[in-house]
Amino acid sequence: MAEEEALHRRRLEAQALDANVASQKKQLEIADYQSRVVFKSDTIGQIAGVIVSAACIAGSVWLALSNHEVTATALAAIPTAAIIKAFFSPRKNGQKE
């Protein structure tokens, strides 16, 4: 009876270990997926920012050439403010500048 109990206990411990390994593997897969999604999202945001900044600068140049200096200056302030904010704002997740 003691041998059967020991065999049963070892089987349960092996099942628990297998479940733990499977759980850790799944957690690593989830972390990898989240990392890829965040990278993709950051990349899309940066591309969109470059497009908006380039459009503002191009519009500002066109307005300046069309003798609308005040409007051109206001439009040029948008990408300028975004660049200043990007360099001087605190970083997320405790990253240093």
Side-chain angles (χ1 to χ4, degrees):
M1 219 157 85
E3 290 177 1
E4 290 177 16
E5 177 62 31
L7 181 62
H8 177 68
R9 182 181 47 80
R10 281 190 289 254
R11 246 187 267 130
L12 289 177
E13 287 176 355
Q15 288 175 348
L17 285 174
D18 290 342
N20 190 16
V21 168
S23 173
Q24 289 178 355
K25 183 178 178 182
K26 187 67 175 175
Q27 287 176 343
L28 288 173
E29 290 171 0
I30 291 170
D32 182 50
Y33 173 75
Q34 288 174 335
S35 176
R36 284 185 277 123
V37 168
V38 167
F39 177 77
K40 195 179 293 185
S41 173
D42 288 349
T43 302
I44 291 170
Q46 289 173 347
I47 290 170
V50 167
I51 290 170
V52 169
S53 294
C56 286
I57 291 170
S60 178
V61 168
W62 181 78
L63 285 169
L65 293 175
S66 300
N67 293 326
H68 299 286
E69 290 83 12
V70 175
T71 310
T73 303
L75 190 59
I78 295 171
T80 304
I83 291 170
I84 290 171
K85 182 182 181 297
F87 282 107
F88 292 111
S89 65
R91 305 277 182 184
K92 294 180 183 176
N93 300 328
Q95 295 175 347
K96 294 183 179 178
E97 293 183 357

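Sequential numbering from 1 along the given sequence is applied to the chain's residues. Only this structure's heavy atoms are used, side chains among them; waters, hydrogens and symmetry mates stay out.
L7 CG to R11 CZ: the interatomic distance, rounded to the nearest 0.5 Å, is 4.0 Å. Here I57 contributes atom CD1 and T80 contributes atom OG1; the two are 7.0 Å apart, rounded to the nearest 0.5 Å. E69 CD to S60 OG: the interatomic distance, rounded to the nearest 0.5 Å, is 10.0 Å.
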Derivation and outcome, salt bridge (charged side-chain N to carboxylate O under 4.0 Å, His left out), residues R9 and E13 = CA-CA 6 Å; R9 182 181 47 80; E13 287 176 355; 3.3 Å; yes

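Taking the salt bridge (charged side-chain N to carboxylate O under 4.0 Å, His left out) definition, one finds that R10 meets it with nothing, sequence neighbours left out.
With hydrogens and angles disregarded, no donor-acceptor distance shorter than 3.5 Å links the side chain of S23 to the backbone of A19. Side chain of S41 to main chain of V37: no donor-acceptor pair is present (N/O by atom type, distance under 3.5 Å, no hydrogens or angles).
No continuous path of hydrophobic side-chain contacts links I78 to V50 [ILVMFWY only; heavy atoms under 4.5 Å]. By the rule that hydrophobic residues join a cluster once side-chain heavy atoms approach within less than 4.5 Å of another member, I84 and F87 end up as members of one cluster. Linking ILVMFWY residues whenever their side-chain heavy atoms come closer than 4.5 Å, directly or via other members, places I83 and F88 in the same cluster.
Atom CD of E29 sits in a crowded spot, with more than 12 heavy atoms from other residues, nucleotides or ligands closer than 6.0 Å.
Applying the salt bridge (charged side-chain N to carboxylate O under 4.0 Å, His left out) test to every pair with at least one member in residues 31-54, sequence neighbours left out, gives these pairs: D32-R36.
Between Q15 and L12 there is a side-chain heavy-atom pair separated by less than 4.5 Å.
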